[in-house]
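Letters go in sequence order (proteins before strands), and every chain restarts at 1. Here the structure is a predicted model, which means the values were calculated and not measured.
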Number of protein chains: 2
Amino acid sequence: MLLSKACVYGIRASLFLAARDAKGYISIRQMGEKLDISPHFLTKILQQLTEDGLLESYKGPNGGVRLTRSGEEITIMEIVKAIDGDKLLTECALGLPGCGVQKPCPIHEKWADAREGIRKMLEGTTLKEMAKKGKDLDLRLTADGGFDID
Amino acid sequence: MLLSKACVYGIRASLFLAARDAKGYISIRQMGEKLDISPHFLTKILQQLTEDGLLESYKGPNGGVRLTRSGEEITIMEIVKAIDGDKLLTECALGLPGCGVQKPCPIHEKWADAREGIRKMLEGTTLKEMAKKGKDLDLRLTADGGFDID
DNA sequence: ATAATTTAGGAGAATAAACTCTTTAAACCA
DNA sequence: TGGTTTAAAGAGTTTATTCTCCTAAATTAT
């Protein structure tokens with residue numbers, strides 16, 4: 001699999017946040033229910049995004065999490081890096097120790113090309129853009145198969 | 001990770017076979033030692049390739065495995081499919097249940113493009129081609145970091 | 001025949017990933 | 001102050017992957 005489940009959950013939750021019109025905090029429990037992700041697990045995942053500065057959290061009643069920056073400025077790449085790291089974009093596809101530019105493995109170059117495609121996709125896609133498309137076309141995000149946020 | 005470890009091991013072993021000048025069987029134990037992969041584990045993995053018809057095996061002294069077809073005709077795609085299946089090329093990147101053409105998720109289209117890059121890489125790379133490049137340039141394949149086969 | 005070599009097959013251990021539960025800390029409200 | 005709501009932190013459980021080991025079956029050599 002390209003992305004870990006934790007990473008996918010993180011993306012979906014971030015997308016959910018970007019799609020919300022409301023600016024305030026929303027609780028992770030609520031999000032978990034909407035997205036059909038265990039709230040406890042989601043808490044763990046979003047903690048990483050908070051540590052990385054992508055989200056900010058607030059405790060107590062009416063607390064929760066929200067995006068620190070506008071959805072236009074946040075790419076999926078940032079979320080992937082925060083959760084899965086950047087091994088997807090740096091590591092050799094055959095995982096040979098020490099494979100690099102000096103002494104590459106036989107598919108190093110071809111894989112580098114394919115990887116660039118992935119990088120472009122991740123870097124070239126903002127949360128807002130995805131959220132807008134999702135809302136306009138009523139695409140699939142939440143557990144019920146729709147894009148209803150509120 | 002894009003490919004499972006088992007899959008990477010399968011590719012490296014197949015590449016090893018394609019790079020050999022000798023036509024006969026070679027034991028999995030020998031290959032495992034050269035490639036620094038547990039022979040028992042490698043046996044399990046290569047069984048899948050044998051079941052899939054990519055390899056043929058022979059028991060007894062001087063037995064082992066060999067490619068059924070010429071290395072020119074075998075692409076990495078076939079090995080990946082035999083070991084990891086084709087979920088990498090069919091499943092949605094966000095893994096949403098039921099995501100498809102009719103009701104895609106918001107990154108469905110972009111991911112489809114990136115995925116095509118991966119598919120082209122896997123389908124467009126033959127074992128022989130990799131083996132030749134590996135030998136010519138003495139690239140990295142075996143545990144010692146070289147491409148010495150015999 | 002008997003022993004040696006090798007793949008096949010399956011059970012099991014070790015590790016990692018995914019997920020759950022409990023406790024703690026912060027913030028709010030009555 | 002005391003209770004409620006929420007994220008944070010960490011321990012524990014389950015599941016999947018990776019890897020090891022043992023036995024069986026096939027083939028060869030003596």
Side-chain angles (χ1 to χ4, degrees), chain A residues 1-14 17 24-33 35-68 80 82-85 87-88 91 94-95 143, chain B residues 1-13 17 24-68 80 82-85 87-88 91 94-95 143:
Chain A
M1 290 294 84
L2 193 75
L3 306 173
S4 72
K5 280 204 170 189
C7 188
V8 168
Y9 292 164
I11 293 172
R12 285 176 58 203
S14 304
L17 291 172
Y25 294 101
I26 181 176
S27 80
I28 299 177
R29 180 181 44 73
Q30 264 182 282
M31 266 199 290
E33 279 163 14
L35 298 171
D36 196 28
I37 301 169
S38 150
H40 281 117
F41 192 32
L42 191 55
T43 299
K44 279 251 146 52
I45 295 162
L46 298 189
Q47 270 172 33
Q48 296 180 261
L49 298 183
T50 304
E51 279 168 24
D52 246 61
L54 290 163
L55 301 184
E56 51 194 357
S57 65
Y58 205 79
K59 290 177 181 174
N62 300 315
V65 293
R66 69 180 179 197
L67 297 174
T68 47
V80 171
I83 296 173
D84 278 353
K87 55 184 195 282
L88 178 66
E91 254 180 31
L94 293 187
Chain B
M1 290 297 85
L2 193 75
L3 306 173
S4 71
K5 278 201 169 191
C7 188
V8 168
Y9 292 164
I11 292 173
R12 285 176 57 203
L17 291 171
Y25 294 103
I26 181 178
S27 80
I28 299 176
R29 181 183 43 74
Q30 266 183 282
M31 265 199 291
E33 280 163 14
K34 273 281 189 187
L35 298 171
D36 197 29
I37 301 169
S38 151
H40 281 116
F41 192 33
L42 191 54
T43 299
K44 279 253 145 53
I45 295 162
L46 298 189
Q47 270 172 33
Q48 294 181 261
L49 298 183
T50 305
E51 279 169 23
D52 246 60
L54 288 163
L55 301 184
E56 50 194 357
S57 66
Y58 205 80
K59 291 177 182 174
N62 301 316
V65 292
R66 68 180 179 198
L67 297 174
T68 47
V80 172
I83 297 173
D84 278 353
K87 54 186 196 291
L88 179 66
E91 253 179 31
L94 293 187

Listing time: all N or O pairs from protein to nucleotides 19-21 of chain D that are below 3.5 Å?
{"from": "D:dC19", "atom 1": "OP2", "to": "B:Tyr9", "atom 2": "OH", "distance (Å)": "3.2"}
{"from": "D:dT20", "atom 1": "OP2", "to": "B:Ser38", "atom 2": "OG", "distance (Å)": "2.8"}

Closest heavy-atom pair and its distance - B:Leu46, B:Ala13
CD2-CB, 4.0 Å

Test: side chain to side chain donor-acceptor pair (under 3.5 Å). Region: residues 2-11 of chain B. Which pairs qualify, not counting sequence neighbours?
B:Ser4-B:Asp84

Go through the structure and list residues passing side-chain contact (heavy atoms from CB on, under 4.5 Å) with B:Val8, not counting sequence neighbours.
A:Leu94, B:Leu3, B:Arg12

First-last contacting nucleotides on DNA chain C - partner chain A, under 4.0 angstrom, heavy atom
C:dA18 to C:dC28

A side-chain contact here means heavy atoms from C-beta on lying under 4.5 Å apart; do A:Leu49 and A:Ser14 qualify?
yes

Pick one: which of A:Thr43, A:Val65, A:Ile37 meets side-chain contact (heavy atoms from CB on, under 4.5 Å) with A:Met31?
A:Val65

To the nearest Å, give me how far apart CD1 (B:Ile83) and P (D:dT17) are.
14 Å

Please report, rounded to the nearest Å, how far the P atom of D:dA26 is from the CD atom of B:Glu56.
18 Å

When all nucleic acid strands are considered with a 4.0 Å heavy-atom cut-off, which category describes B:Leu46: base, sugar-phosphate, or nothing?
nothing

So, for B:Ala143 and B:Asp36, which heavy atoms are closest and what is the spacing to 0.1 Å?
CB-CB, 3.3 Å

Contact summary for A:Thr50 and A:Ser57, nearest pair of heavy atoms
CG2-OG, 4.0 Å

Might you list the N or O atoms of the protein lying below 3.5 Å from N or O atoms in nucleotides 27-30 of chain D, with each pair's distance?
{"from": "D:dT27", "atom 1": "O3'", "to": "B:Tyr58", "atom 2": "OH", "distance (Å)": "3.2"}
{"from": "D:dT28", "atom 1": "OP1", "to": "B:Tyr58", "atom 2": "OH", "distance (Å)": "3.2"}

Could you go through the side chain to side chain contact (heavy atoms under 4.5 Å, CB included) check for A:Leu67 and A:Leu54 one step at a time?
CA-CA 6 Å; A:Leu67 297 174; A:Leu54 290 163; over 6 Å; no

Under the salt bridge (Lys or Arg N to Asp or Glu O under 4.0 Å) rule, what pairs show up with a residue in residues 39-62 of chain A, not counting sequence neighbours?
A:Glu56-A:Arg66

Along DNA chain C (nearest heavy atom to each residue), the more 5'-positioned of A:Ser4 and B:Ser27
B:Ser27

Using side chain to side chain contact (heavy atoms under 4.5 Å, CB included), reason through B:Leu2 and A:Leu2 one step at a time and then give a plain yes or no.
CA-CA 5 Å; B:Leu2 193 75; A:Leu2 193 75; 3.5 Å; yes

